[in-house]
There are 2 protein chains.
Amino acid sequence: MISLTEENYLKALIYLSSLAPGIEKKRDVSTSELASYLKLKSSTVNEMLKRLKDKNLINHEKYKKITLTHSGERNGLKIVRRHRLWETFLFTKLDFDWIEIHEVAEQLEHIKSEKLVEKIDRLLGYPSFDPHGDPIPNKHGNIPQRITKSLSTVKKGETCMVLAVSDTSKDFLNYLEDLDISIRTEIVVIDKIAYDKSVKIKIKHEQYSLSREVADNLLVGGKFN
Amino acid sequence: MISLTEENYLKALIYLSSLAPGIEKKRDVSTSELASYLKLKSSTVNEMLKRLKDKNLINHEKYKKITLTHSGERNGLKIVRRHRLWETFLFTKLDFDWIEIHEVAEQLEHIKSEKLVEKIDRLLGYPSFDPHGDPIPNKHGNIPQRITKSLSTVKKGETCMVLAVSDTSKDFLNYLEDLDISIRTEIVVIDKIAYDKSVKIKIKHEQYSLSREVADNLLVGGKFN
DNA sequence: TTAATTTTTTAGGCAATACTAAATATTATA
DNA sequence: TATAATATTTAGTATTGCCTAAAAAATTAA
Ligand SMILES: [Mn+2]
Ligand SMILES: [Mn+2]
Ligand SMILES: [Mn+2]
Ligand SMILES: [Mn+2]
């Protein structure tokens with residue numbers, strides 16, 4: 001049995017080693033990195049590492065970096081799958097806001113019932129991406145891949161479609177909501193300002209200017225992607 | 001904040017003091033009764049009673065019986081509401097079996113989100129009774145009332161409809177499923193055997209004999225109830 | 001390459017939730 | 001009413017998961 005707390009450690013390890021934006025191939029994770037991500041003390045994390053190792057969920061030698069075992073990775077991906085399926089359920093079936101879904105999914109992801117997850121998956125029509133555009137691992141732990149690029153890299157005059165966001169903080173999502181930007185929104189790049197790397201865009205005949213930071217965190221694909 | 005464990009104690013207290021079959025008016029509950037219901041030792045329960053009292057959820061004087069405070073009762077009913085709404089969701093929206101829903105609802109009832117509960121309630125069309133026929137407290141803690149009687153009390157020749165079961169054990173529910181009996185099943189009482197108080201019944205042209213025990217645990221109403 | 005800094009581990013505590021065993025209070029019985 | 005049986009509480013222990021402070025190892029900088 002993997003406890004709720006252990007599940008959160010596994011999820012954090014999956015994130016830091018594989019899923020965090022910008023990671024190409026798997027990275028090893030340090031105790032302090034994990035501690036700071038979970039907002040816990042290193043000594044606390046260190047104790048948990050022993051338990052996770054005993055349960056064969058991680059590899060860890062004293063003073064060395066942490067890697068997930070096969071079992072740890074499979075279990076971690078299971079939790080990511082549940083989290084993203086629940087987010088999709090809350091968003092599409094219960095009309096929760098983009099901003100609210102994460103918090104509730106943080107609780108729902110720990111419900112232990114294979115059957116429940118599969119039933120929810122079916123109800124949703126086996127989605128590949130969650131409402132933030134993040135890929136939903138399938139029941140075998142395979143993660144759907146999709147080519148996206150940052151809005152910053154789109155050329156002047158081109159049209160693209162928002163596929164995902166690389167920042168899911170409330171502040172960012174709220175700002176996007178104000179701008180009427182969400183998943184599948186079409187954006188035309190009107191102009192690119194060399195000076196501050198901001199972009200002038202058009203959404204449904206409305207024009208806006210987006211800072212470099214915002215453009216960086218909007219992941220887009222071609223119009224027919 | 002009420003912990004998951006504390007929630008389970010409150011739910012047990014609501015059950016033992018008010019909801020258990022056969023309770024007319026509220027009863028006080030003893031430590032040992034609560035312990036045996038929760039399958040815990042009395043000493044464990046005794047410690048928890050102190051914490052619940054500190055949080056003003058129960059009234060308890062040393063060596064005396066336990067009663068719920070207003071706050072304890074409201075919080076307990078909230079959990080019962082969540083449990084029964086989730087059971088209804090699993091049964092009607094996800095096609096879970098009658099037998100499986102309770103276990104998963106035991107987990108889901110602890111998810112903390114007012115909004116989620118209200119959204120699920122709306123999705124279900126504000127049901128008054130769960131798939132076992134148990135009343136669902138509304139958001140103000142009011143419990144819908146309905147007149148039912150045991151199948152044992154139905155007179156020979158009369159037709160009635162199953163409204164609820166007073167035993168929700170897997171054994172009983174499985175047996176009912178074999179007999180094709182569920183909520184809203186119509187039953188005609190063909191004969192009542194004085195000797196062992198068993199009843200001969202007809203369900204959709206099929207005849208069965210039900211033992212006294214089974215008949216006692218089937219709660220029915222008039223055909224147009 | 002030694003010294004300073006940072007990271008990791010160990011040691012000792014604490015709160016929540018469980019247990020067993022023993023002490024104490026209450027209730028039932030003779 | 002005295003005693004036996006039962007119920008409740010207290011005392012002491014364990015595990016999980018968190019903390020602070022201090023020791024030890026590894027890394028970085030002088
Ligand atoms: Mn999320
Ligand atoms: Mn997401
Ligand atoms: Mn139930
Ligand atoms: Mn029920």
Side-chain angles (χ1 to χ4, degrees), chain A residues 1-17 27-68 71-72 75-76 79 106-107 109-112, chain B residues 1-13 15-17 20 27-68 71-72 75-76 79 106-107 109-112:
Chain A
M1 224 358 25
I2 300 177
S3 75
L4 185 148
T5 311
E6 290 166 344
E7 286 193 340
N8 283 332
Y9 276 82
L10 290 183
K11 194 165 54 116
L13 283 170
I14 287 269
Y15 181 78
L16 295 172
S17 68
R27 328 170 27 254
D28 297 355
V29 177
S30 72
T31 303
S32 55
E33 194 185 358
L34 183 53
S36 113
Y37 180 74
L38 290 170
K39 297 189 207 315
L40 295 171
K41 300 298 163 181
S42 293
S43 53
T44 300
V45 168
N46 198 246
E47 282 202 349
M48 178 57 92
L49 294 180
K50 285 174 196 157
R51 266 174 263 147
L52 294 174
K53 195 187 171 185
D54 282 349
K55 293 191 174 185
N56 193 35
L57 294 164
I58 62 167
N59 305 117
H60 186 233
E61 300 305 322
K62 258 193 188 181
Y63 295 104
K64 298 272 166 62
K65 295 287 177 80
I66 310 152
T67 58
L68 286 160
S71 164
N75 279 286
I79 303 152
E106 285 287 305
Q107 297 181 61
E109 72 190 7
H110 299 291
I111 302 292
K112 274 157 202 57
Chain B
M1 229 346 38
I2 301 177
S3 74
L4 184 149
T5 311
E6 289 166 344
E7 286 192 341
N8 283 332
Y9 276 82
L10 290 182
K11 195 166 54 119
L13 283 169
Y15 181 79
L16 294 172
S17 68
R27 321 168 36 250
D28 297 355
V29 177
S30 73
T31 304
S32 54
E33 194 185 357
L34 184 53
S36 114
Y37 180 73
L38 291 170
K39 298 191 207 309
L40 294 172
K41 300 297 164 183
S42 293
S43 53
T44 301
V45 168
N46 198 249
E47 280 202 352
M48 178 58 93
L49 294 181
K50 285 173 197 159
R51 282 192 291 266
L52 294 175
K53 194 186 171 185
D54 282 349
K55 292 191 174 185
N56 193 35
L57 295 164
I58 61 167
N59 305 116
H60 186 233
E61 300 306 320
K62 257 192 188 183
Y63 295 103
K64 297 275 167 63
K65 295 287 177 77
I66 310 153
T67 58
L68 286 161
S71 163
N75 280 287
I79 303 152
E106 285 288 306
Q107 296 181 62
E109 72 190 7
H110 300 290
I111 302 291
K112 274 159 201 57

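So that the names make sense, note that chain A is the first sequence line, chain B the second, and so on, each numbered from 1.
Comparing atom distances between the B/Ser43 side chain and each of D/dA26, D/dT20, D/dA11 picks out D/dA11 as nearest. Proximity note for B/Thr44 (side chain, C-beta onward) versus D/dC18, C/dC19, D/dT16: the nearest is C/dC19. Which of C/dT17, C/dT8, D/dA7 sits closest to the side chain of A/Ser32 comes down to C/dT8. Taking the side chain of B/Tyr63 as heavy atoms from C-beta on, and the options D/dA24, D/dT8, C/dT10, the nearest nucleotide is D/dT8.
For the pair A/Glu47 CD and D/dT16 P, the computed distance is 10 Å after rounding to whole Å. Nucleotide D/dA7 holds its P atom 17 Å from the CG atom of B/Leu40, rounded to whole Å. Distance CG (B/Leu49) to C1' (C/dA16): 15 Å, rounded to an integer number of Å. A straight line from CG of A/Asp28 to P of C/dT7 spans 17 Å, rounded to a whole angstrom. When rounded to the nearest whole Å, the span between CD of B/Glu61 and P of C/dA25 equals 16 Å. Rounding to whole angstrom units, CD of residue B/Glu7 and P of C/dA16 are separated by 16 Å. As rounded to whole Å, 19 Å separates atom C1' of D/dT16 from atom NZ of A/Lys41. Taking atom NZ of B/Lys62 as the reference point, atom P of D/dT10 lies 4 Å away to the nearest angstrom.
Contact of the B/Leu68 side chain with the B/Asn75 side chain is not registered, since no non-hydrogen atoms from C-beta on lie closer than 4.5 Å. Put simply, the side chain of A/Lys11 reaches to within 4.5 Å of the side chain of A/Glu106, judged on heavy atoms. Using a 4.5 Å cut-off on side-chain heavy atoms (C-beta onward), A/Tyr9 and A/Leu40 make contact.
Within 4.0 Å (heavy atoms only), B/Ser42 reaches at least one base atom of the nucleic acid. Within the 4.0 angstrom heavy-atom criterion, no nucleotide atom of any strand lies near B/Lys65. Within the nucleic acid shown, A/Thr31 comes within 4.0 Å of sugar-phosphate atoms alone, with no base atom in reach, counting heavy atoms only. A/Thr5 comes within 4.0 angstrom of sugar-phosphate atoms only, judged by non-hydrogen atoms across all strands, and of no base.
Neither OP1 nor OP2 of C/dA15 sits under 4.0 Å from any side-chain N or O of B/Arg51.
Taking CD1 of A/Ile66 as the start and CG of A/Leu16 as the end, the distance is 9.0 Å to the nearest 0.5 Å.
With A/Lys53 as reference, A/Glu61 is the one residue of A/Glu47, A/Glu6, A/Glu61 to meet the salt bridge (Lys or Arg N to Asp or Glu O under 4.0 Å) rule.
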